Amino acid sequence: MRCCSPPRPAWVPTCSSSTRSRRSTGPARAAGTGAWDWPPWRSRSRSRQRGSTIPAMLLPDAVCPHSTASPRLGPRAAGDEVHRRCCRGQPRELLPASCPGMAVPLGEPERGRAGRAGQGRTERGSAGQDGMVQGGAGPWDHRIIKVGKDPQGHRVQPAPTTTITPNPEQGAWLNNKGAWLSGNGRGLTEGGWLIGGGPTPRPRRVPLTSRAGNGGSGPRPLHGADRCGAQRGGACSALLCPRGWGGGGLATAPRGSPSPPPPARRGVPPPGPRVPRCPLHAPCPPVSPTSPVSPYPPYPRPPCPPISPHIPPPPQTPCPRGAAPPHLTPPPPPGVLPLSQAWGRAPRLPPSPLPAQRRAFSNNKILVELDESAGVATMKFKSPPVNSLSLDFLTEFCISLEKLENDRACRGVILTSAVPKIFSSGLDITEMCGKSTEHYAEFWRAVQEMWLRLYSSNMVTVAAVNGSSPAGGCLIALTCDYRIMAENPKFSIGLNEAQLGIVAPFWFKDTFVNVVGHRVAESSLQLGSLHPAPEAHRIGLVDELVPEEKLKDRATAVMQQWLALPGKGGTSWAVTECRNGDLTCVGGPGIEAGSCVSVGTGGVGGWEVGKLSKAVRAALGCEGCAWHTAGRSAGCAGRLPPAQLAVPALLSRAGGA
Ligand SMILES: CCCCCCCCCCC/C=C/C(=O)SCCNC(=O)CCNC(=O)[C@H](O)C(C)(C)COP(=O)(O)OP(=O)(O)OC[C@H]1O[C@@H](n2cnc3c(N)ncnc32)[C@H](O)[C@@H]1OP(=O)(O)O
């Protein structure tokens, strides 16, 4: 029996044959050994360079950390509680009978889950996660078994297994979560998921009246209370619950979409015509200070982010970011629809000649400033005295990061500290003693969550280490793409756990090894060394040192350098493959017209480009493939028409890699 995986499993492909790349020294062994103290499912863009893969997995019941069958979680009640919360994100079919989540009445979690996905609630459907498909005998018998981005560029988390059913009355399709699908049966999409091919064991029709959620691309209230698991009596996580966002102004609102209107719900008037919704105009919802069923201890939820004064109301005003000036879109080759027009979506705006638009939101412990024109956010830790990573901090960190991840205007994040001389002191030691087992489990889950989200972020992440950074603080820096440290020798960084008499978890270690190499990591870990900045630079623990006053500028420059590269920073790609391939040739800038075919990664759920290329090249034996970068939103939002997305064929020829 498959079980829920730890905290964020829902987007893990259920196909046991699928693989995903990951860092070479990452802890895939966790599955094999039964170790459960981290969920080894994430991939990372850098991993593709290393080329290793692990099987996608849902942990079996016996090794699920949240299962009562787990011998390591302690009292049954603790396991039950966490498991119940965790498993909320899982399709019911995948939950073991022993899962306490099964006790939640049917229908309740459905609403919560669907609403969650529909809210643009994201999993890190990193660019490496794939849109693999099993299809059906009939056009509506399909199963979606992988995940990616939706047409608006939001990463979404559909259930790994989804059946869809036609709704002839409205000429469209619904899945078993009530989400709207668009397409023509050959290239149906559900919020960006391409679906097609292969039988579904038990296709299920869902009465319209029970389709409460809208996990697809149809409109829905950003913060409707009925979307909130907490409101439904189900488990509600601050991270999962749309209300936990504390305001959707910066979050996820789909822009113009060709999707059909959502189904009417009993007692709920059908919404009017779909109006492209500007997230900046989204009304700020009431936010309750606490959520009684949140898995997190009550804490003041962050206030709604202020709507920038330069964004004019009213909501009906055309979105200022809704359409690109024509001159900014390069003309496509003759006969080829630009990606951004193929599905009628607006590409991401390149830097505007207008004054820089800056937005900021803040919670208790982290200040986030987003420079929209640059596409770069700065997350400043402001939790004095030492930015210790408490449960609250970690939670706010994840929320902030995910907000940015969902924000199409943001492609990179600089992490730094607002506390003088301290980047972060690492895990809050006070969270690790004198607390309940449940608290320990929750805290540790949050630690992992922080790492996973950061590690697998689609954004470019740069750590501007402007102070000491021991242990968990060092981990944050290690988890970023690039580390710049203030060259003050009084600042030190390292995994010093050994000095505290504890052992760095192996995923701390693996992250460390990936950066500094095996031998340096070995000796440093054994000694629990804290390396002064110059030494840290020498051993490669940080990539460069700069005077503290130049740290910000340098981080910004590095960020620009990274963002200029194709494929990073959430940039979506149209993968161009390959001579004599059987896909439709679309050509594109830098691509010899007629020689390549193109697959919009946004349309296939966020394929990791390098991996796809590698797989396709291996399968087709092609040489000289080129990439066509379409820009983040253009690539995500502007997918090729289904007819041009011969992805199943591609996948089958690529062995589903
Ligand atoms: C629960 C889950 C189950 C899993 C358990 C398994 C355990 C495995 C864990 C493995 C991974 C561990 C990772 C970690 O991150 S452990 C934390 C490691 N951190 C440190 O060792 C840092 C210690 N602190 C320092 O070195 C210095 O404080 C620092 C350089 C950061 C700043 O020095 P400064 O002189 O400027 O400030 P003070 O030392 O005077 O400290 C000011 C106050 O801050 C408190 N403090 C410091 N660090 C922490 C911390 N990590 N957590 C909580 N509080 C911290 C310090 O006590 C001072 O408080 P008071 O003013 O009240 O005394």
Side-chain angles (χ1 to χ4, degrees), residues 6-7 27 30 35-39 65-66 70 72-75 78-79 81-82 295-297 364-365 381-395 397 415-452 454-455 463 465-479 485-486 488-513 521 524-533 535-536 541 548:
W36 54 265
D37 59 347
W38 90 296
H66 301 155
S70 170
R72 299 173 63 176
L73 199 65
E81 177 62 11
V82 180
Y296 297 97
N364 288 334
K365 300 184 180 300
F381 306 155
K382 57 170 183 97
S383 181
V386 288
N387 286 335
S388 61
L389 306 179
S390 62
L391 182 56
D392 283 355
F393 185 102
L394 294 166
T395 303
F397 183 97
L415 302 181
T416 192
S417 168
V419 174
K421 301 179 186 172
I422 307 289
F423 181 69
S424 166
S425 69
L427 302 190
D428 190 327
I429 291 169
T430 64
E431 299 273 17
M432 295 193 260
C433 58
K435 298 282 202 303
S436 66
T437 305
E438 291 86 347
H439 182 89
Y440 292 149
E442 198 62 33
F443 177 67
W444 198 242
R445 190 199 67 79
V447 175
Q448 294 180 339
E449 174 100 17
M450 178 270 295
W451 176 70
L452 288 167
L454 186 58
Y455 196 88
V465 183
N466 54 347
S468 289
S469 193
C474 176
L475 180 74
I476 290 181
L478 288 170
T479 307
M485 189 168 183
N488 189 336
K490 290 182 181 168
F491 298 164
S492 59
I493 184 170
L495 296 181
N496 64 322
E497 281 82 351
Q499 289 197 26
L500 308 176
I502 55 179
V503 176
F506 69 87
W507 44 282
F508 278 50
K509 178 265 294 178
D510 288 338
T511 312
F512 194 37
V513 167
S524 180
L525 283 165
Q526 285 177 331
L527 294 171
S529 303
L530 282 173
H531 305 280
E535 184 178 296
L541 177 48
E548 189 167 357

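Everything quoted here is computed from the prediction, not taken from an experiment. Atoms within each ligand, like the ligands themselves, are counted from 1 in listed order. Nothing fancy with the numbering, it's 1 onward along the sequence. Hydrogens, waters and symmetry mates play no part in the numbers below; they use all other heavy atoms, side chains included.
Formation of a donor-acceptor pair under 3.5 Å by the S424 side chain with backbone atoms of N387 is found in this model. Under the 3.5 Å distance criterion, the side-chain polar atoms of K435 are matched with a main-chain donor or acceptor of T430. Between the side chain of N496 and the main chain of A471, a donor-acceptor pair closer than 3.5 Å is present.
F423 and F381 have tilted rings, their planes meeting at an angle from 30° to 60° on a 0 to 90° scale.
Residues lining ligand 1 at a heavy-atom distance below 4.0 Å are given as P385, V386, S388, I422, S425, G426, L427, D428, I429, M432, Y440, F443, W444, P470, A471, G472, N496, E497, L500, I502, V503, P505, F508, ordered by chain and residue number.
S390 and E431 get closest at one heavy-atom pair: CB-OE2, 3.3 Å.
Residues F393 and D428 have side chains not in contact (no heavy-atom distance under 4.5 Å, counting atoms from C-beta outward).
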